[in-house]
Amino acid sequence: MFEQLFTEFSDRDRTVQSNRRPLKGVIIGAGQVGMACAYSMLIQNTLDEMLLVDVNQEKLQGEVMDLLHGVPFIDPTVIRSGTLADSDDPDIVIITAGAKQQPGETRLDLLNRNVHIFKQLIPQIVQYCPNAILLLVTNPVDIMTYVTLKLSGFPCNRVLGSGTVLDTARFRYLLANQLKIDPRSFHAYIIGEHGDSEVPVWSKVNIAGMNLCSGGIEDCSEADAERLQGIFDQVKNAAYEVIKRKGATSYAIGLGVTDIVKAVLRNQNRVLTVSSFIHGVNGINDVCLSLPAVVNREGVTRVLDLSLTPNEQNLLQHSATVLKEAIGKLEL
Ligand SMILES: NC(=O)C1=CN([C@@H]2O[C@H](COP(=O)(O)OP(=O)(O)OC[C@H]3O[C@@H](n4cnc5c(N)ncnc54)[C@H](O)[C@@H]3O)[C@@H](O)[C@H]2O)C=CC1
Ligand SMILES: CC(=O)C(=O)O
(Lines give C-alpha, C1' and ligand atoms only; values in the text may rest on other atoms or scores of the structure.)
(Ligands and ions follow the chains in the order given, each with its own letter.)
Protein backbone atom coordinates (compact mmCIF):
# COMPACT_ATOMS: atom_id res chain seq x y z
CA MET A 1 0.00 0.00 0.00
CA PHE A 2 2.76 2.45 0.99
CA GLU A 3 4.70 1.48 -2.13
CA GLN A 4 1.61 2.20 -4.24
CA LEU A 5 1.06 5.64 -2.64
CA PHE A 6 4.76 6.43 -3.01
CA THR A 7 4.55 5.82 -6.75
CA GLU A 8 1.37 7.90 -6.93
CA PHE A 9 2.73 10.97 -5.09
CA SER A 10 6.48 10.87 -5.64
CA ASP A 11 8.65 14.00 -5.38
CA ARG A 12 9.44 13.56 -9.05
CA ASP A 13 5.83 14.28 -9.94
CA ARG A 14 5.76 17.40 -7.78
CA THR A 15 8.91 18.74 -9.46
CA VAL A 16 7.48 18.09 -12.91
CA GLN A 17 4.29 20.01 -12.02
CA SER A 18 6.25 23.09 -10.94
CA ASN A 19 6.96 25.43 -13.85
CA ARG A 20 9.69 27.49 -12.19
CA ARG A 21 13.13 26.79 -10.80
CA PRO A 22 12.95 26.30 -6.99
CA LEU A 23 14.38 29.16 -4.89
CA LYS A 24 17.31 27.73 -2.97
CA GLY A 25 19.05 29.14 0.08
CA VAL A 26 21.86 27.98 2.34
CA ILE A 27 22.21 29.19 5.94
CA ILE A 28 25.69 28.75 7.41
CA GLY A 29 25.66 28.77 11.21
CA ALA A 30 22.72 27.14 13.00
CA GLY A 31 23.09 29.24 16.15
CA GLN A 32 20.63 31.76 17.58
CA VAL A 33 20.78 34.03 14.54
CA GLY A 34 20.88 31.33 11.86
CA MET A 35 17.86 29.59 13.35
CA ALA A 36 15.89 32.81 13.76
CA CYS A 37 16.59 33.51 10.07
CA ALA A 38 15.54 29.97 9.13
CA TYR A 39 12.32 30.14 11.13
CA SER A 40 11.37 33.58 9.86
CA MET A 41 12.04 32.60 6.24
CA LEU A 42 10.04 29.40 6.63
CA ILE A 43 6.93 31.04 8.02
CA GLN A 44 7.13 33.74 5.34
CA ASN A 45 7.42 31.19 2.53
CA THR A 46 10.68 32.74 1.32
CA LEU A 47 12.49 29.68 -0.08
CA ASP A 48 11.54 26.39 -1.73
CA GLU A 49 14.67 24.64 -0.51
CA MET A 50 16.72 25.44 2.58
CA LEU A 51 20.04 23.79 3.50
CA LEU A 52 21.48 24.40 6.97
CA VAL A 53 25.21 23.99 7.65
CA ASP A 54 27.11 24.09 10.96
CA VAL A 55 30.33 22.63 12.35
CA ASN A 56 28.35 21.42 15.36
CA GLN A 57 26.66 18.40 13.71
CA GLU A 58 24.69 17.34 16.76
CA LYS A 59 23.08 20.74 17.24
CA LEU A 60 22.50 21.12 13.51
CA GLN A 61 20.60 17.84 13.31
CA GLY A 62 18.48 18.72 16.35
CA GLU A 63 17.58 22.13 14.91
CA VAL A 64 16.64 20.69 11.52
CA MET A 65 14.53 17.92 13.08
CA ASP A 66 12.68 20.56 15.09
CA LEU A 67 11.98 22.63 11.95
CA LEU A 68 10.90 19.57 9.95
CA HIS A 69 8.27 18.71 12.54
CA GLY A 70 6.64 22.07 11.75
CA VAL A 71 6.46 21.49 8.00
CA PRO A 72 2.79 20.38 8.09
CA PHE A 73 1.88 23.91 9.30
CA ILE A 74 3.57 25.85 6.48
CA ASP A 75 3.75 26.04 2.70
CA PRO A 76 5.90 23.24 1.27
CA THR A 77 9.62 23.78 1.84
CA VAL A 78 12.42 21.24 1.56
CA ILE A 79 14.65 21.53 4.65
CA ARG A 80 17.97 19.70 4.87
CA SER A 81 21.07 19.65 7.04
CA GLY A 82 24.45 18.96 5.49
CA THR A 83 27.71 20.48 4.37
CA LEU A 84 28.41 23.00 1.66
CA ALA A 85 29.14 20.08 -0.66
CA ASP A 86 25.41 19.23 -0.41
CA SER A 87 24.35 22.63 -1.76
CA ASP A 88 22.83 22.45 -5.21
CA ASP A 89 23.62 25.74 -6.98
CA PRO A 90 21.84 27.94 -4.39
CA ASP A 91 20.53 31.42 -5.21
CA ILE A 92 21.59 32.87 -1.87
CA VAL A 93 23.96 31.94 0.96
CA ILE A 94 23.33 33.55 4.35
CA ILE A 95 26.39 33.54 6.59
CA THR A 96 25.77 33.71 10.33
CA ALA A 97 28.64 31.43 11.40
CA GLY A 98 31.18 32.55 13.94
CA ALA A 99 31.81 34.10 17.31
CA LYS A 100 29.27 36.41 18.93
CA GLN A 101 29.67 39.21 21.47
CA GLN A 102 29.83 38.35 25.13
CA PRO A 103 28.32 40.98 27.47
CA GLY A 104 30.48 44.13 27.27
CA GLU A 105 32.29 43.14 24.06
CA THR A 106 31.99 45.33 20.96
CA ARG A 107 31.33 43.92 17.50
CA LEU A 108 34.85 44.92 16.43
CA ASP A 109 36.27 42.74 19.23
CA LEU A 110 35.11 39.69 17.21
CA LEU A 111 37.12 40.59 14.13
CA ASN A 112 40.19 38.34 14.37
CA ARG A 113 38.22 35.28 15.50
CA ASN A 114 35.74 35.59 12.65
CA VAL A 115 38.30 36.43 9.96
CA HIS A 116 40.10 33.22 10.96
CA ILE A 117 36.88 31.24 10.38
CA PHE A 118 36.15 33.01 7.10
CA LYS A 119 39.57 32.23 5.64
CA GLN A 120 38.51 28.58 5.62
CA LEU A 121 34.82 29.06 4.96
CA ILE A 122 34.75 31.46 2.01
CA PRO A 123 36.85 29.31 -0.39
CA GLN A 124 34.38 26.46 0.21
CA ILE A 125 31.45 28.76 -0.60
CA VAL A 126 33.19 29.82 -3.80
CA GLN A 127 33.72 26.17 -4.74
CA TYR A 128 30.21 24.94 -4.03
CA CYS A 129 28.03 28.03 -4.53
CA PRO A 130 29.69 29.90 -7.43
CA ASN A 131 26.52 31.64 -8.63
CA ALA A 132 25.03 32.64 -5.29
CA ILE A 133 24.48 36.05 -3.75
CA LEU A 134 26.29 36.13 -0.39
CA LEU A 135 24.48 37.79 2.51
CA LEU A 136 26.69 38.41 5.54
CA VAL A 137 25.31 38.64 9.06
CA THR A 138 28.36 37.60 11.14
CA ASN A 139 29.86 40.54 13.04
CA PRO A 140 31.54 42.92 12.63
CA VAL A 141 29.29 42.69 9.60
CA ASP A 142 30.73 45.52 7.49
CA ILE A 143 34.27 44.21 7.76
CA MET A 144 33.15 40.61 7.25
CA THR A 145 31.40 41.80 4.07
CA TYR A 146 34.64 43.44 2.89
CA VAL A 147 36.67 40.33 3.83
CA THR A 148 34.21 38.09 1.97
CA LEU A 149 34.36 40.30 -1.10
CA LYS A 150 38.16 40.07 -1.15
CA LEU A 151 38.39 36.35 -0.32
CA SER A 152 35.66 35.30 -2.76
CA GLY A 153 36.58 37.47 -5.74
CA PHE A 154 32.82 37.72 -6.42
CA PRO A 155 31.54 40.88 -8.13
CA CYS A 156 30.63 43.67 -5.66
CA ASN A 157 26.90 43.48 -6.35
CA ARG A 158 26.77 39.83 -5.19
CA VAL A 159 28.28 40.38 -1.72
CA LEU A 160 26.19 42.33 0.79
CA GLY A 161 25.83 42.54 4.55
CA SER A 162 22.77 43.03 6.72
CA GLY A 163 24.51 46.27 7.73
CA THR A 164 22.28 48.78 9.46
CA VAL A 165 18.99 47.18 8.36
CA LEU A 166 18.48 46.16 11.99
CA ASP A 167 19.55 49.53 13.42
CA THR A 168 17.26 51.29 10.94
CA ALA A 169 14.38 49.09 12.12
CA ARG A 170 15.17 49.90 15.76
CA PHE A 171 15.33 53.62 14.89
CA ARG A 172 12.00 53.57 13.05
CA TYR A 173 10.36 51.54 15.80
CA LEU A 174 11.50 53.90 18.57
CA LEU A 175 10.62 57.09 16.67
CA ALA A 176 7.25 55.74 15.56
CA ASN A 177 6.46 54.59 19.06
CA GLN A 178 6.93 58.14 20.39
CA LEU A 179 4.58 59.61 17.76
CA LYS A 180 2.07 56.72 17.73
CA ILE A 181 2.60 56.12 14.00
CA ASP A 182 3.10 52.74 12.31
CA PRO A 183 6.91 52.30 11.86
CA ARG A 184 6.34 51.36 8.22
CA SER A 185 5.15 54.93 7.60
CA PHE A 186 8.27 56.41 9.16
CA HIS A 187 11.15 57.07 6.76
CA ALA A 188 14.40 57.12 8.69
CA TYR A 189 17.87 55.69 8.15
CA ILE A 190 20.88 54.70 10.18
CA ILE A 191 23.97 54.64 7.95
CA GLY A 192 27.69 53.85 8.26
CA GLU A 193 29.02 51.06 10.47
CA HIS A 194 26.67 48.51 12.05
CA GLY A 195 28.29 49.37 15.35
CA ASP A 196 29.37 52.13 17.68
CA SER A 197 30.19 54.72 14.98
CA GLU A 198 26.82 54.41 13.17
CA VAL A 199 25.11 57.62 12.06
CA PRO A 200 21.44 58.71 12.34
CA VAL A 201 20.37 60.74 9.31
CA TRP A 202 18.16 63.21 11.17
CA SER A 203 17.87 65.54 8.18
CA LYS A 204 15.99 62.86 6.20
CA VAL A 205 13.59 61.63 8.90
CA ASN A 206 10.05 62.19 7.64
CA ILE A 207 6.43 61.04 7.72
CA ALA A 208 4.70 61.48 4.35
CA GLY A 209 7.30 64.07 3.34
CA MET A 210 6.92 66.05 6.59
CA ASN A 211 10.48 66.41 7.91
CA LEU A 212 11.36 66.06 11.56
CA CYS A 213 14.39 68.38 11.35
CA SER A 214 15.61 69.00 7.80
CA GLY A 215 18.62 70.99 9.02
CA GLY A 216 19.79 68.05 11.15
CA ILE A 217 19.73 67.64 14.92
CA GLU A 218 21.92 70.73 15.32
CA ASP A 219 18.98 72.86 14.09
CA CYS A 220 16.59 71.56 16.78
CA SER A 221 15.85 73.24 20.09
CA GLU A 222 18.01 72.05 22.98
CA ALA A 223 15.09 70.09 24.47
CA ASP A 224 14.24 68.38 21.17
CA ALA A 225 17.90 67.59 20.46
CA GLU A 226 18.26 65.97 23.86
CA ARG A 227 15.16 63.85 23.32
CA LEU A 228 16.26 62.77 19.83
CA GLN A 229 19.77 61.99 21.05
CA GLY A 230 18.17 59.80 23.73
CA ILE A 231 16.35 57.82 21.03
CA PHE A 232 19.53 57.36 19.02
CA ASP A 233 21.44 56.23 22.12
CA GLN A 234 18.84 53.50 22.58
CA VAL A 235 19.34 52.41 18.96
CA LYS A 236 23.13 52.38 19.26
CA ASN A 237 23.08 50.48 22.55
CA ALA A 238 20.21 48.13 21.70
CA ALA A 239 22.39 45.07 21.07
CA TYR A 240 24.34 45.60 24.33
CA GLU A 241 21.08 45.87 26.26
CA VAL A 242 19.59 42.71 24.72
CA ILE A 243 22.82 40.69 25.02
CA LYS A 244 23.15 41.71 28.68
CA ARG A 245 19.68 40.26 29.34
CA LYS A 246 19.37 37.20 27.05
CA GLY A 247 22.88 36.55 25.70
CA ALA A 248 22.16 37.22 22.01
CA THR A 249 19.90 39.13 19.66
CA SER A 250 18.00 36.96 17.22
CA TYR A 251 14.33 37.58 16.37
CA ALA A 252 14.67 41.06 14.89
CA ILE A 253 17.72 40.16 12.81
CA GLY A 254 15.89 37.03 11.61
CA LEU A 255 13.04 39.20 10.34
CA GLY A 256 15.50 41.73 8.84
CA VAL A 257 17.41 39.02 6.98
CA THR A 258 14.12 37.65 5.62
CA ASP A 259 13.27 41.12 4.31
CA ILE A 260 16.62 41.29 2.49
CA VAL A 261 16.32 37.74 1.10
CA LYS A 262 12.82 38.52 -0.23
CA ALA A 263 14.10 41.74 -1.82
CA VAL A 264 16.73 39.66 -3.65
CA LEU A 265 14.77 36.56 -4.63
CA ARG A 266 11.58 38.39 -5.57
CA ASN A 267 13.52 41.08 -7.45
CA GLN A 268 11.82 43.80 -5.40
CA ASN A 269 14.14 46.78 -6.03
CA ARG A 270 13.78 47.64 -2.33
CA VAL A 271 15.81 50.50 -0.87
CA LEU A 272 17.49 48.99 2.18
CA THR A 273 20.43 50.06 4.33
CA VAL A 274 22.46 46.96 3.53
CA SER A 275 26.24 47.03 3.76
CA SER A 276 27.96 46.98 0.38
CA PHE A 277 31.20 48.01 -1.26
CA ILE A 278 31.30 51.80 -1.41
CA HIS A 279 33.58 53.55 -3.83
CA GLY A 280 32.95 57.18 -4.73
CA VAL A 281 29.61 57.65 -2.94
CA ASN A 282 29.31 60.46 -0.35
CA GLY A 283 33.08 60.88 -0.64
CA ILE A 284 33.69 57.36 0.76
CA ASN A 285 36.08 54.92 -0.93
CA ASP A 286 37.19 51.28 -0.65
CA VAL A 287 35.17 50.13 2.34
CA CYS A 288 31.91 48.27 3.01
CA LEU A 289 29.29 50.13 5.03
CA SER A 290 25.61 50.94 4.90
CA LEU A 291 23.98 53.59 2.78
CA PRO A 292 20.47 53.25 1.33
CA ALA A 293 20.86 50.92 -1.66
CA VAL A 294 18.63 49.28 -4.26
CA VAL A 295 18.40 45.52 -3.69
CA ASN A 296 17.07 43.09 -6.31
CA ARG A 297 17.83 39.76 -8.02
CA GLU A 298 21.31 41.00 -8.94
CA GLY A 299 22.08 41.91 -5.30
CA VAL A 300 23.01 45.55 -4.72
CA THR A 301 22.60 47.41 -8.00
CA ARG A 302 22.81 51.03 -6.86
CA VAL A 303 23.91 52.94 -3.77
CA LEU A 304 22.12 56.24 -3.24
CA ASP A 305 24.20 59.38 -2.79
CA LEU A 306 22.43 61.13 0.10
CA SER A 307 22.57 64.90 0.51
CA LEU A 308 23.74 65.02 4.12
CA THR A 309 24.28 68.00 6.42
CA PRO A 310 27.97 68.84 7.02
CA ASN A 311 27.71 67.28 10.49
CA GLU A 312 26.18 64.04 9.15
CA GLN A 313 28.82 63.90 6.42
CA ASN A 314 31.60 64.26 9.03
CA LEU A 315 30.08 61.50 11.15
CA LEU A 316 29.81 59.20 8.11
CA GLN A 317 33.42 59.92 7.20
CA HIS A 318 34.44 59.10 10.78
CA SER A 319 32.51 55.80 10.62
CA ALA A 320 34.28 54.89 7.34
CA THR A 321 37.64 55.73 8.95
CA VAL A 322 36.91 53.44 11.93
CA LEU A 323 36.17 50.57 9.54
CA LYS A 324 39.13 51.27 7.26
CA GLU A 325 41.53 51.36 10.19
CA ALA A 326 40.30 47.93 11.34
CA ILE A 327 40.56 46.56 7.78
CA GLY A 328 44.08 48.02 7.50
CA LYS A 329 45.27 45.79 10.36
CA LEU A 330 44.08 42.59 8.65
CA GLU A 331 46.24 40.25 6.61
CA LEU A 332 44.01 39.05 3.80
N1 LIG B 1 24.51 41.74 11.61
C2 LIG B 1 23.66 41.79 12.62
O3 LIG B 1 22.80 42.66 12.69
C4 LIG B 1 23.76 40.75 13.68
C5 LIG B 1 24.83 39.92 13.71
N6 LIG B 1 24.96 38.97 14.67
C7 LIG B 1 26.15 38.13 14.60
O8 LIG B 1 25.79 36.84 14.09
C9 LIG B 1 26.78 35.90 14.49
C10 LIG B 1 26.12 34.66 15.05
O11 LIG B 1 25.47 34.96 16.27
P12 LIG B 1 24.68 33.82 17.07
O13 LIG B 1 23.90 33.00 16.13
O14 LIG B 1 24.02 34.48 18.21
O15 LIG B 1 25.91 32.93 17.60
P16 LIG B 1 25.85 31.40 18.02
O17 LIG B 1 27.09 31.14 18.82
O18 LIG B 1 24.52 31.07 18.61
O19 LIG B 1 25.95 30.64 16.63
C20 LIG B 1 27.08 30.64 15.81
C21 LIG B 1 27.10 29.31 15.10
O22 LIG B 1 28.16 29.33 14.14
C23 LIG B 1 28.67 28.00 14.08
N24 LIG B 1 29.96 28.00 13.42
C25 LIG B 1 31.15 28.45 13.87
N26 LIG B 1 32.09 28.26 12.92
C27 LIG B 1 31.49 27.69 11.86
C28 LIG B 1 31.93 27.28 10.56
N29 LIG B 1 33.20 27.41 10.19
N30 LIG B 1 31.03 26.74 9.73
C31 LIG B 1 29.74 26.59 10.10
N32 LIG B 1 29.26 26.97 11.30
C33 LIG B 1 30.13 27.51 12.16
C34 LIG B 1 28.70 27.56 15.54
O35 LIG B 1 28.80 26.17 15.68
C36 LIG B 1 27.38 28.13 16.05
O37 LIG B 1 26.33 27.17 15.94
C38 LIG B 1 27.69 36.64 15.50
O39 LIG B 1 28.86 37.08 14.85
C40 LIG B 1 26.82 37.82 15.92
O41 LIG B 1 27.57 38.90 16.41
C42 LIG B 1 24.02 38.81 15.65
C43 LIG B 1 22.91 39.60 15.66
C44 LIG B 1 22.69 40.66 14.71
C1 LIG C 1 24.38 41.72 17.79
C2 LIG C 1 24.08 42.78 16.84
O3 LIG C 1 24.88 43.12 16.00
C4 LIG C 1 22.83 43.48 16.96
O5 LIG C 1 21.86 42.98 17.53
O6 LIG C 1 22.75 44.63 16.49
Side-chain angles (χ1 to χ4, degrees), residues 26-40 51-64 81-87 93-125 128-129 135-145 147-148 151 160-171 173 190 192-198 234-260 272-275 288-290:
V26 176
I27 300 176
I28 307 179
Q32 305 264 4
V33 172
M35 293 318 298
C37 294
Y39 184 70
S40 170
L51 171 70
L52 287 106
V53 175
D54 198 293
V55 284
N56 183 341
Q57 285 297 316
E58 190 79 356
K59 179 170 194 306
L60 176 65
Q61 283 168 17
E63 293 288 5
V64 169
S81 61
T83 67
L84 276 164
D86 300 312
S87 60
V93 176
I94 300 144
I95 307 169
T96 75
K100 67 175 165 199
Q101 291 160 268
Q102 299 307 313
E105 269 190 315
T106 70
R107 296 173 182 88
L108 288 174
D109 290 334
L110 304 172
L111 185 56
N112 289 332
R113 275 170 278 168
N114 285 341
V115 168
H116 180 72
I117 291 173
F118 273 40
K119 281 186 175 170
Q120 293 176 359
L121 185 60
I122 303 301
Q124 290 179 53
I125 297 176
Y128 293 111
C129 315
L135 173 54
L136 281 300
V137 187
T138 304
N139 273 321
V141 70
D142 304 289
I143 305 179
M144 300 319 294
T145 305
V147 166
T148 301
L151 293 178
L160 61 154
S162 60
T164 56
V165 165
L166 177 54
D167 316 74
T168 293
R170 289 170 173 151
F171 193 39
Y173 163 72
I190 299 284
E193 178 197 4
H194 170 60
D196 297 340
S197 71
E198 65 190 24
Q234 284 185 63
V235 172
K236 196 167 70 168
N237 296 325
Y240 295 116
E241 292 298 325
V242 178
I243 289 169
K244 191 166 73 185
R245 288 167 174 83
K246 60 168 266 199
T249 61
S250 56
Y251 302 123
I253 186 62
L255 290 166
V257 164
T258 306
D259 222 28
I260 301 169
L272 297 169
T273 52
V274 289
S275 187
C288 290
L289 53 70
S290 286

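Each ligand, and each atom within it, is numbered from 1 in the order the structure gives. All values reported here derive from a predicted model rather than from experimental measurement.
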Which one of [options] satisfies the side chain to side chain contact (heavy atoms under 4.5 Å, CB included) criterion with [X]?
X	options	value
Ile94	Leu135, Val26, Ile28	Leu135
Leu151	Leu121, Val115, Ile122	Ile122
Ile190	Asp167, Val165, Leu166	Asp167

Do Asp109 and Thr106 have side-chain N/O donor and acceptor atoms under 3.5 Å apart?
yes
Proximity of His194 to ligand 2 by residue part, where a heavy atom lies under 4.0 Å:
side chain
Under 4.0 Å, heavy-atom basis, I'd like to know which part of Asn139 is in contact with ligand 2: side chain, backbone, both or neither.
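Looking at Asn139 and ligand 2, just side chain atoms fall under 4.0 Å.
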Just distances here: any N/O of [X] and N/O of ligand 1 closer than 3.5 Å?
X	answer
Ala99	yes
Leu110	no
His194	yes
Gln32	yes
Val137	yes
Ser162	yes

Ionic contact status for Glu105 with Arg113, cut-off 4.0 Å:
yes
Closest to [atom] (judged by heavy-atom distance), picking from [options]:
atom	options	answer
atom 9 (C) of ligand 1	Val33, Thr96, Val165	Thr96
atom 36 (C) of ligand 1	Asn139, Asp54, Val53	Asp54
atom 1 (C) of ligand 2	Asn237, Ile253, Thr249	Thr249

Among protein heavy atoms, which sits nearest to [atom], and what does the distance come to when rounded to 0.1 Å?
atom	value
atom 19 (O) of ligand 1	Gly31 CA, 3.2 Å
atom 29 (N) of ligand 1	Ile117 CG2, 3.5 Å
atom 15 (O) of ligand 1	Lys100 CD, 3.5 Å
atom 22 (O) of ligand 1	Gly98 N, 3.3 Å
atom 43 (C) of ligand 1	Thr249 OG1, 3.1 Å
atom 30 (N) of ligand 1	Val55 CG1, 3.7 Å

Just do the side-chain contact (heavy atoms from CB on, under 4.5 Å) check on Thr258 and Leu255 with the steps written out, would you?
CA-CA 5 Å; Thr258 306; Leu255 290 166; 5.5 Å; no
If the cut-off is 4.0 Å to any non-hydrogen atom of Gln101, which atoms of ligand 2 fall inside it?
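By the 4.0 Å cutoff, the relevant atoms are 1 (C).
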What atoms of ligand 1 come closer than 4.0 angstrom to any heavy atom of Ile28?
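Counting atoms of ligand 1 from 1, those under 4.0 Å from Ile28 are 31 (C).
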Close-contact set for ligand 1 against Leu166 heavy atoms, below 4.0 Å
3 (O)
Could you check whether any side-chain heavy atom of Val53 comes within less than 4.5 Å of a side-chain heavy atom of Leu60, counting everything from C-beta outward?
no
Heavy-atom side-chain contact between Val242 and Tyr251 under 4.5 Å:
no
Tell me the closest heavy-atom pair linking [X] and [Y], and the distance in Å.
X	Y	result
Met144	Leu136	O-CG, 4.0 Å
Gly98	Ile117	CA-CD1, 3.7 Å
Leu108	Pro140	CD2-CB, 4.0 Å

As an exercise, state the distance from CG of Leu289 to CD1 of Ile143, rounded to the nearest 0.5 Å.
10.5 Å
Please say whether more than 12 non-hydrogen atoms of neighbouring residues, nucleotides or ligands are located less than 6.0 Å from OH in Tyr173.
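No, OH of Tyr173 has 12 or fewer neighbouring heavy atoms, counting only those of other groups under 6.0 Å.
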Has Leu166 got any heavy atom lying under 4.0 angstrom from an atom of ligand 2?
yes
Does Arg170, backbone or side chain, put an N or O under 3.5 Å from an N or O of ligand 2?
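Yes - when backbone and side-chain N and O of Arg170 are compared with those of ligand 2, one distance drops under 3.5 Å.
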